[in-house]
Novice: 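Below are the structure tokens for one structure; questions will follow.
Both counts, for ligands and for their atoms, begin at 1 and track the order of listing.
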Amino acid sequence: MFTGHIQEVGTVVAVDRARIAVRAPKAAASALSSICLNGVGLMIVQTEHETDVLEARLTAETRRRSTLDQIRPGTRVNVEAPLALGDPLGGHLVQGAVDAVGKVVRVDDEAGARRVWIKPPERFLPLVVPKGQIAVDGVSLTVAEVSRDRFSVALIPATLQATALSELSAGDRVNLEPDLLTRLVRRWPSDPGQAVTEVVAALPWAGRVSGGQGVQKAVTQLASGGAVVIWDPDREGEGDVVFAGARLRPEAFTFLLTQVCGHPTVPCAPEVLDRLEIGPIPGPGDRHGTRPHVPVDLATGTGTGVSAAERAATVRRLAHPESRPADFLRPGHVFPLAARPGGLAERAGHTEATVAMCMAAGLPPVGVCCEVMNPDGTMAKAAELEVAALRWGLPLLDVDDLRKHL
Ligand SMILES: O=C(CO)[C@H](O)[C@H](O)COP(=O)(O)O
């Protein structure tokens with residue numbers, strides 16, 4: 001077992017199909033039986049103390065699964081001696097068992113660190129967890145970001161100085177070993193943690209976001225036709241998936257009906273409903289002061305008004321600045337809600353949050369919100385919402401953040 005803390009950078013002096021010889025003075029000075037070279041755990045067969053060269057056995061399996069298939073004399077490699085019981089775990093548990101070879105796709109020098117983007121094989125991506133650990137050429141690193149087909153690590157100057165990762169450039173191949181715990185969780189599907197590991201290979205803006213920056217990410221997402229999840233922990237204790245009405249595609253409505261599974265409603269600024277002569281549903285209203293209005297369908301529709309495509313078209317027409325009262329049949333199957341005139345300052349409901357976000361996105365003040373329901377019919381709470389947001393690749397933010405930063 002290793003920990004991904006590199007003790008020295010060695011130099012390959014000879015390699016063939018069955019063995020690799022590396023000059024590594026520190027390792028050669030100790031009586032070792034195994035060694036980790038660029039993340040590959042190998043049996044040492046011989047150590048020449050006079051030349052500081054140790055020789056390790058290579059198998060066809062090792063060469064097939066790692067970058068050691070193409071390694072050449074002169075290549076500098078990361079060297080780590082095995083952990084002994086009681087040694088500090090400076091990095092994380094590294095087995096020296098390479099799972100995949102990734103390709104460096106980009107190297108950016110940033111303030112204080114060098115960011116390296118690595119594209120692993122697709123099968124490996126679910127094992128890469130943002131802020132989790134990964135061994136890259138045997139070096140224990142924290143995953144900075146995970147995107148659709150790649151992830152990044154930030155190399156601090158100390159790592160650049162102490163390892164051969166400083167020599168990486170676009171096009172290079174690297175050995176990858178996932179964090180042991182992630183690997184084990186994936187191995188036993190009944191483990192409850194599996195859901196999380198399955199969903200985290202999502203967009204970099206997915207999952208919980210907060211503060212002004214989080215609100216900005218969410219607004220950008222909405223403006224481009226995407227969705228955000230708004231969590232209201234105190235009032236309703238429910239989370240809604242929200243889309244902007246003007247950008248609503250039929251697929252988005254299908255997603256609400258089949259994945260989100262709550263009751264899709266259409267928050268509107270009150271002046272929109274006044275203009276369209278869509279009145280409130282009479283009655284005292286629900287427990288939370290939501291203001292439901294008469295449901296509508298698009299008058300030009302040809303079906304029942306229920307299909308995802310028809311409901312999306314009805315919502316887009318509600319959001320259209322030039323829509324008129326005659327554009328809608330009453331009652332129908334799309335449920336408008338009226339936001340308070342004072343917006344989020346007056347009431348911190350999903351209705352007001354949806355309208356406020358549409359406006360912040362520079363779009364008409366009409367959106368769709370739909371509560372996230374668990375597969376068992378109960379309403380999703382904080383942890384379930386976070387897992388759902390990660391699985392769907394959506395940002396999740398607290399309604400309170402919207403109040404503060406919109
Ligand atoms: O549709 C609803 C209730 O009918 C939902 O609860 C939705 O979240 C909007 O309501 P609110 O503004 O009270 O959060």
Novice: To which protein heavy atom is atom 12 (O) of ligand 1 closest, and what is the distance rounded to 0.1 Å?
Specialist: T351 OG1, 2.5 Å
Novice: For atom 11 (P) of ligand 1, which of the options E236, R291, H288, E352 provides the nearest non-hydrogen atom?
Specialist: E236
Novice: Do H350 and E236 get their side chains close enough for a donor-acceptor pair, meaning under 3.5 Å?
Specialist: yes
Novice: Under 3.5 Å, is there a donor-acceptor pair linking the side chains of R57 and T62?
Specialist: no
Novice: Under 4.0 Å, heavy atoms only, figure out whether ligand 1 is touched by the backbone of T265, its side chain, both or neither.
Specialist: side chain
Novice: For atom 14 (O) of ligand 1, what's the nearest protein heavy atom and its distance?
Specialist: R235 NH2, 2.7 Å
Novice: What's the verdict on salt bridge (charged side-chain N to carboxylate O under 4.0 Å, His left out) for D400 and R235, showing C-alpha distance, side-chain angles and the deciding distance?
Specialist: CA-CA 11 Å; D400 216 40; R235 226 177 35 91; over 6 Å; no
Novice: Using the salt bridge (charged side-chain N to carboxylate O under 4.0 Å, His left out) rule, take R23 and D52 through it: C-alpha gap first, then chi angles, then the decisive distance, then the call.
Specialist: CA-CA 5 Å; R23 178 167 296 111; D52 294 332; 5.9 Å; no
Novice: Quick check on contacts: which atoms of ligand 1 are under 4.0 angstrom from a heavy atom of G349?
Specialist: 12 (O), 14 (O)
Novice: Which residue pairs satisfy the ring pair (Phe, Tyr, Trp, His ring centres under 6.0 Å) criterion with at least one member in residues 232-264, sequence neighbours excluded?
Specialist: F255-W392, H263-F335
Novice: Which atoms of ligand 1 have any heavy atom of R347 under 4.0 Å away?
Specialist: 11 (P), 12 (O), 13 (O)
Novice: Just how far is it from atom CG of L54 to atom OG of S30, taken to the nearest 0.5 Å?
Specialist: 9.5 Å
Novice: Identify which of R287, H350, E371 has a heavy atom lying nearest to atom 5 (C) of ligand 1.
Specialist: E371
Novice: Quick one: do S152 and R115 satisfy side-chain hydrogen bond (donor to acceptor under 3.5 Å, both in side chains)? Show the steps, please.
Specialist: CA-CA 6 Å; S152 75; R115 185 174 295 260; 2.9 Å; yes
Novice: Select the closest option to atom 8 (O) of ligand 1 among V242, T290, D240, D232, judged by heavy-atom distance.
Specialist: D240
Novice: Considering only heavy atoms, does L337 approach ligand 1 within less than 4.0 Å through its side chain, its backbone, both, or neither?
Specialist: side chain
